[in-house]
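Let me begin by presenting the structure, written as structure tokens, before commenting on it.
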Protein chains: 2
Amino acid sequence: MALDPAGDRAPEDLTTRARIRDAAIRLFAERGIGPATIRDIAKAAGVSSGLVRHHFGSKEALRDACDAYAMDRMNRLWEQMFAEGRLADQAFMGSVHPTAMRLQNYLVRSMMDGSDAASSMFESMVEVGEQFLAAQKVESADLRAYSAVLCAMQMGVFLMHDQLSRVLGVDVRTRAGYARTSSGFVDVFSRPLITPEQAAQLHAAVDRMHVPPSDSDAQDVATEGAVHDDRRDSR
Amino acid sequence: MALDPAGDRAPEDLTTRARIRDAAIRLFAERGIGPATIRDIAKAAGVSSGLVRHHFGSKEALRDACDAYAMDRMNRLWEQMFAEGRLADQAFMGSVHPTAMRLQNYLVRSMMDGSDAASSMFESMVEVGEQFLAAQKVESADLRAYSAVLCAMQMGVFLMHDQLSRVLGVDVRTRAGYARTSSGFVDVFSRPLITPEQAAQLHAAVDRMHVPPSDSDAQDVATEGAVHDDRRDSR
DNA sequence: GTCCCCGCTACACAGCTGTGTAGTAATCTG
DNA sequence: CAGATTACTACACAGCTGTGTAGCGGGGAC
């Protein structure tokens with residue numbers, strides 16, 4: 001199951017079952033869990049729709065299998081990258097990139113669409129991040145919120161890849177596109193965007209928010225003049 | 001059939017058309033455009049499903065109307081907040097918060113699900129951000145990528161609000177939850193997470209990525225031993 | 001050989017989807 | 001008042017959805 005020394009590296013991933021799973025991961029990530037249909041997944045894998053059910057039982061079970069596979073695969077990759085120190089291995093990182101990209105895309109999407117498995121993965125990411133921040137002696141009033149927001153923000157880059165591609169003029173799933181987003185990533189994390197004074201001000205404002213001046217939560221500003229309300233024609 | 005428990009909001013001074021639109025914005029944001037059905041939207045608005053069509057013509061047109069409304073509304077709010085300088089107005093900000101939250105949630109979701117209108121909004125956000133960064137004299141090799149990633153990351157916090165709520169133990173759509181994510185936000189932007197040396201290293205690694213050592217893009221590491229491939233039973 | 005399991009396909013079924021149509025009640029216009 | 005337009009509902013329809021069932025072909029076990 002884990003770290004099998006010999007014979008584990010079988011190139012027989014041509015298994016129909018694996019092809020279906022891969023197609024499902026791709027389509028789930030591309031369209032979301034709901035809109036991706038079993039028939040389309042079967043078509044993408046080049047099999048009949050009945051076979052999907054034969055192998056996985058149901059759409060929900062197929063999704064669970066995709067979750068389990070993607071999580072296991074990503075954990076392995078992380079292990080290789082960090083524990084085995086292959087982060088500097090350029091050839092390895094290059095060859096790993098498309099896979100990691102696909103898996104991350106799927107996991108993030110699955111997370112957002114409410115998968116229990118992927119959600120627990122998010123939780124552990126937040127915990128790892130929190131420990132990292134603590135080890136870095138980062139001082140924050142709410143380290144968990146810090147880590148959680150950090151994780152959620154990273155997810156955003158995967159979720160918005162269509163829009164990022166549009167804005168950057170290059171498909172972010174290609175190597176060149178990925179390089180640009182990575183560059184942006186490094187920029188974001190390498191320098192502060194607001195001064196300590198601004199941060200203190202904002203923190204104070206956030207604290208004040210806990211006790212609202214009145215019960216204005218019920219009064220909703222949205223009900224005031226809306227431009228598109230009183231159009232009469234519908235087509 | 002009204003869902004609102006204790007006269008939460010939206011009294012009857014709202015046009016039926018507006019009630020439908022609000023319900024659509026809520027359900028679209030909650031479930032995504034695809035899975036949110038016209039019948040459910042109608043039920044949430046307390047009308048027949050035919051009336052939704054009568055007022056908006058089609059699901060796509062309904063979505064366009066939601067896009068237009070939400071964008072216009074958000075633009076107004078931003079105008080009030082920034083141009084009219086009501087950012088410091090605590091009562092205003094407090095009353096505006098739930099509305100802005102809902103609209104942002106919808107717009108981000110609509111963006112991710114491929115709305116042209118909302119996508120162009122993302123583009124203008126990126127441009128505003130880029131100009132802001134330029135005005136701040138931020139030095140970056142790729143200011144646009146910087147701004148784009150920044151925007152995408154902010155979207156992530158909205159997209160992952162379910163997971164954030166889980167991890168933080170508080171609904172982030174409430175005032176208390178919003179305060180915690182805001183705190184995390186400030187933390188993220190107020191201090192650098194990586195040193196200039198690390199940043200330089202990473203930038204170098206990213207540059208190297210542009211010219212891969214071999215055509216390993218075709219060779220995919222994902223094809224090596226996968227754990228869940230050879231299970232035979234499916235149910 | 002025969003048997004039987006397993007990968008796999010074809011087809012049927014109920015439920016839900018967006019959409020279309022017909023008709024009724026309410027409101028406005030003259 | 002009548003006449004028309006609008007707000008709104010009920011219902012029908014084709015298409016797609018996930019799921020269920022029956023059956024086919026081939027390869028290993030006996």
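Sequence lines set the chain letters: A, B, ... in the order given, protein chains first and strands last, and positions in each chain run from 1.
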Listed pairs, N/O of protein and of nucleotides 24-26 of chain C, under 3.5 Å:
none

Ring-face cation of B:Arg21 near B:Tyr69 (centre distance under 6.0 Å, axis angle within 45°): yes

Across the strands shown, which category fits B:Thr16 at heavy-atom distances under 4.0 angstrom: base, sugar-phosphate, nothing? sugar-phosphate

Is there any protein nitrogen or oxygen under 3.5 Å from a nitrogen or oxygen in nucleotides 12-18 of chain D, and what are the pairs?
{"unit_1": "D:dG18", "atom_1": "OP1", "unit_2": "A:Ile38", "atom_2": "N", "d": "3.4"}
{"unit_1": "D:dG18", "atom_1": "OP1", "unit_2": "A:Lys59", "atom_2": "NZ", "d": "3.0"}
{"unit_1": "D:dG18", "atom_1": "OP2", "unit_2": "A:Ile38", "atom_2": "N", "d": "3.1"}
{"unit_1": "D:dG18", "atom_1": "N7", "unit_2": "A:Arg39", "atom_2": "NH1", "d": "2.8"}
{"unit_1": "D:dG18", "atom_1": "O6", "unit_2": "A:Arg39", "atom_2": "NH2", "d": "3.0"}

Residue-phosphate contact under 4.0 Å: A:His55 side-chain N/O, C:dC6 OP1/OP2: no

Calculate, to the nearest 0.5 Å, the distance between atoms CD and CZ belonging to A:Gln163 and B:Phe122 respectively. 6.5 Å

Qualifying residues under salt bridge (Lys or Arg N to Asp or Glu O under 4.0 Å), relative to B:Arg39, sequence neighbours excluded: none

Nearest-0.5 Å distance that lies between atom CE in B:Met160 and atom CG in A:Leu159: 7.0 Å

Salt bridge or not between A:Arg26 and A:Asp22? Use side-chain N to carboxylate O under 4.0 Å. no

Taking CZ from B:Phe56 and P from C:dT19, how many angstroms apart are they, rounded to a whole number? 14 Å

With a distance cut-off below 6.0 Å to the six-membered ring centre and an angular limit of 45° from the axis, does B:Arg17 pair with B:Phe56 as a cation-pi contact? yes

Presence of B:His54 side-chain N/O under 4.0 Å of D:dA7 phosphate oxygens OP1/OP2: yes

